[in-house]
Number of protein chains: 2
Amino acid sequence: MSPKPTMRDVARKAGLSIATVSRVINFPDEVPLDTAKNVTAAMRYLNYRPNINGRRLKMTQTSTVGVLVPTLANPVFATSVQGIEQEANANGLTVILTSSEYDPEREMGAVSTLLNNRVDGLILTLANADNNPVVDLLRAENIPFVLLFNQPSRDDVAAISVDNARSAFDVTNAMIAQGHRSLAMVAGRFESSDRSRQRYDGFCRALQDAGIETPHLVQVQFGESDLKDQLEELLCGEHAVSGLVCSTDMLAIAAISACRSHGLSVPGDVSVGGIDGISVGGLITPKLCSAVQPTQEMGQQALAFLRGLIKGQANPQSLLLPHHLSDGESIGPFRRRSST
Amino acid sequence: MSPKPTMRDVARKAGLSIATVSRVINFPDEVPLDTAKNVTAAMRYLNYRPNINGRRLKMTQTSTVGVLVPTLANPVFATSVQGIEQEANANGLTVILTSSEYDPEREMGAVSTLLNNRVDGLILTLANADNNPVVDLLRAENIPFVLLFNQPSRDDVAAISVDNARSAFDVTNAMIAQGHRSLAMVAGRFESSDRSRQRYDGFCRALQDAGIETPHLVQVQFGESDLKDQLEELLCGEHAVSGLVCSTDMLAIAAISACRSHGLSVPGDVSVGGIDGISVGGLITPKLCSAVQPTQEMGQQALAFLRGLIKGQANPQSLLLPHHLSDGESIGPFRRRSST
DNA sequence: TCTGCCAATGTAAACGTTTCAAGTCTTCAT
DNA sequence: ATGAAGACTTGAAACGTTTACATTGGCAGA
């Protein structure tokens with residue numbers, strides 16, 4: 001088979017110049033109908049396919065956006081990418097996807113690749129939004145970007161998120177309201193998730209407001225299998241807690257499973273709450289009580305916002321979206337543990 | 001700030017020609033160490049970043065692969081993409097992601113975009129692998145591609161999958177072995193998933209082998225919320241079934257929830273089995289019994305296989321990976337329903 | 001018939017790479 | 001001194017577009 005036809009081939013076939021062909025493709029109404037038909041026929045005949053890379057090279061804009069998430073294995077990120085992808089598709093943008101596997105070291109490399117691709121802009125979920133070299137680089141190079149799920153302390157970078165601290169605060173208070181006084185947080189590693197830390201802060205503040213001391217904390221690696229062992233002391237030890245606030249729904253679901261493994265019922269013996277609002281949470285038994293964020297919409301909004309930044313229409317700014325507590329059954333009233 | 005530095009700028013800065021700069025980038029060892037250092041210094045000084053689009057235009061290979069999945073909202077696809085992305089990353093490939101939202105009509109458009117990007121190859125999960133215009137197009141244009149999760153009947157296209165019919169067969173048999181005689185399948189719409197149909201076939205065959213008549217079938221749209229209503233007749237009607245074989249784990253989890261909504265216990269009143277083996281399945285109560293497939297590995301393998309095809313090293317062929325039944329608790333012995 | 005204008009089209013120079021053929025210098029044997 | 005061999009390096013032509021600018025031709029108005 002001959003090499004792929006180019007615009008030149010189409011032009012020859014249609015007996016026109018390459019400029020006209022280009023015009024038919026890009027500005028169909030600036031060209032007489034006959035000409036357009038002629039060209040389209042030639043394109044179809046030759047099976048022509050514009051080579052986007054030629055265009056990208058010539059144009060300054062590439063109609064491409066880069067996306068960086070920690071992992072697709074956590075539905076919360078997968079869903080957000082789904083939202084991004086949808087919105088990108090609706091606007092003729094191409095999405096290049098990368099993931100950092102929760103490793104801050106890999107973020108820079110991933111972003112570098114994205115920049116080499118000359119993406120018009122980026123949507124990033126970073127391990128840590130503050131003091132992040134990636135953010136510095138992007139600002140220095142003046143590349144539009146939007147942080148997603150990150151809540152940076154500086155207010156001159158665009159970020160779409162819920163109020164992480166507040167989410168944890170609300171979940172924790174829901175437990176306190178049910179009489180729980182001995183609570184622990186099960187959190188993702190702080191180094192690989194500033195959300196985790198922010199949510200811990202909210203947890204602590206709720207305890208403090210209620211005059212409860214010594215907040216417990218267990219940091220776990222996402223995907224690390226044995227929550228069961230890691231929670232043993234907390235659940236069955238001398239100072240066992242009656243409530244577990246988890247920094248993500250995935251952790252919460254794993255925590256519920258761990259409780260069960262230790263012979264504890266949820267919410268009978270232990271109450272468990274999560275944050276994120278992933279859809280499975282609403283389907284399991286007991287239905288997970290969680291601080292729900294509009295994940296997919298957040299992805300869509302991030303892309304919409306990014307488009308604005310690319311066009312220079314909008315200024316970077318943080319958007320804090322509302323969350324709400326789902327009416328889950330995984331949090332119940334405090335009951336003294338039947339000492340079996 | 002000045003426009004982005006090009007190779008020419010670097011060359012000027014280093015007092016060398018652009019050809020040498022190119023060689024430093026692409027074949028560092030074919031160049032004296034001093035020269036290399038000189039060039040690298042210039043690159044660093046100027047903050048140079050190769051423009052991949054220039055390269056892509058010139059080279060025939062783009063080091064880019066396109067991925068099409070139905071949706072990222074189903075963890076099974078998200079996980080597979082995670083595998084693809086990992087393997088791509090390890091091999092210096094860029095991933096362009098698109099999703100069809102389960103709509104066969106959108107597949108062609110998505111693939112078209114991917115082809116305009118001159119991807120080196122594609123990994124696709126199609127609604128229907130047989131008689132698919134996308135497959136025809138790709139074969140005609142001679143573009144390497146691997147189907148993932150699809151199990152086409154023709155054997156000259158590369159496909160990585162588990163044995164769908166067999167998976168359903170196994171799950172169904174597990175129920176039959178527990179004494180269930182009245183079973184239904186809850187399946188995704190056949191038009192948007194050939195897996196669904198293949199799994200239904202396996203389901204039917206198991207029933208047939210056991211001499212059971214009239215297999216029930218409910219087709220539902222993924223994401224369609226109210227399984228509860230759709231299963232009412234099946235669960236509470238005159239000829240209520242005692243077992244639900246679901247064509248995906250997501251459906252199974254939703255089905256369990258639906259059972260609960262109808263006041264039925266799983267597996268006490270109804271047994272439920274799934275197919276896919278998504279990770280949450282192992283964490284919920286009751287632990288989901290499922291035909292587990294190595295989703296992430298399948299993604300990795302798909303990319304590895306695709307790389308082979310791109311290099312022309314491998315011939316298209318189908319790879320059927322083994323699945324196994326998880327030791328879930330969602331399938332229990334048949335018991336006559338306590339008529340409350 | 002000529003002028004001028006407008007619509008339709010064409011010409012050619014980029015965009016930033018890669019790469020082949022063709023340089024330039026050393027070095028060294030004659 | 002001369003030439004050959006090698007080690008490095010360079011010039012310049014692609015790759016497939018877009019687009020500013022130039023050209024053409026037809027036609028209205030004089």
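Chain letters run A, B, ... following the sequence lines, proteins first, then strands; residues in each count from 1.
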Step by step, work out the side chain to side chain contact (heavy atoms under 4.5 Å, CB included) result for B:Asp155 and B:Gln317. CA-CA 6 Å; B:Asp155 63 347; B:Gln317 85 184 70; over 6 Å; no
Can you check whether [Y]'s main-chain N or O pairs, donor with acceptor, with [X]'s side chain at less than 3.5 Å?
X	Y	result
A:Glu107	A:Ala127	yes
B:Thr125	B:Leu148	yes
B:Thr62	B:Arg118	yes
B:Ser112	B:Gly109	no
B:Asn91	B:Leu93	no
A:Asn117	A:Val119	no
B:Asn132	B:Val134	yes

Within the 3.5 Å criterion, strictly below it, is a donor on A:Gln82 or B:Thr71 matched to an acceptor on the partner's side chain?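 The answer is yes; a qualifying pair exists.
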May I ask you to check whether A:Thr295 and A:Gln293 show a side-chain donor-acceptor distance below 3.5 Å?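 Looking only at side-chain atoms, A:Gln293 and A:Thr295 do not form any donor-acceptor pair under 3.5 Å.
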A:Phe27 atom CZ is separated from C:dA7 atom P, nearest whole Å, by 17 Å
Send over the distance from A:Asp29 CG to C:dA7 P, rounded to a whole Å.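 Those two atoms, CG and P, are 15 Å apart.
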How bent is the helix from C:dT1-D:dA30 to C:dT30-D:dA1, measuring the angle between the end axes built from five pairs each, rounded to 10°?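 Angle reported: 70°, given to the nearest ten degrees.
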Pairs flagged by salt bridge (Lys or Arg N to Asp or Glu O under 4.0 Å) wherever residues 37-64 of chain B is involved - sequence neighbours left out: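 Sorted pair list: A:Glu141-B:Arg49.
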Please list, in numerical order, the residues of residues 41-66 of chain B that have a heavy atom closer than 4.0 Å to any atom of DNA chain D. B:Leu57, B:Lys58
What residues form a salt bridge (charged side-chain N to carboxylate O under 4.0 Å, His left out) with B:Arg8, not counting sequence neighbours?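 Counting only residues at least two positions away or on another chain, B:Arg8 forms no salt bridge (charged side-chain N to carboxylate O under 4.0 Å, His left out).
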What is the first contacted nucleotide of DNA chain D and what is the last, in 5' to 3' order, if contact means an atom lying under 4.0 angstrom from a heavy atom of chain A? D:dG16 to D:dT19
Stretch residues 12-26 of chain A: residues that reach within less than 4.0 Å of DNA chain C through a heavy atom: A:Gly15, A:Leu16, A:Ser17, A:Ala19, A:Thr20, A:Arg23
Criterion salt bridge (charged side-chain N to carboxylate O under 4.0 Å, His left out) on B:Asp9 and B:Arg12, from CA distance to verdict: CA-CA 5 Å; B:Asp9 300 320; B:Arg12 191 173 313 128; 3.5 Å; yes
Report the residue (A:Arg8 or A:Thr35) whose heavy-atom-nearest nucleotide on DNA chain C is the more 5′ of the two.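 This one resolves to A:Thr35.
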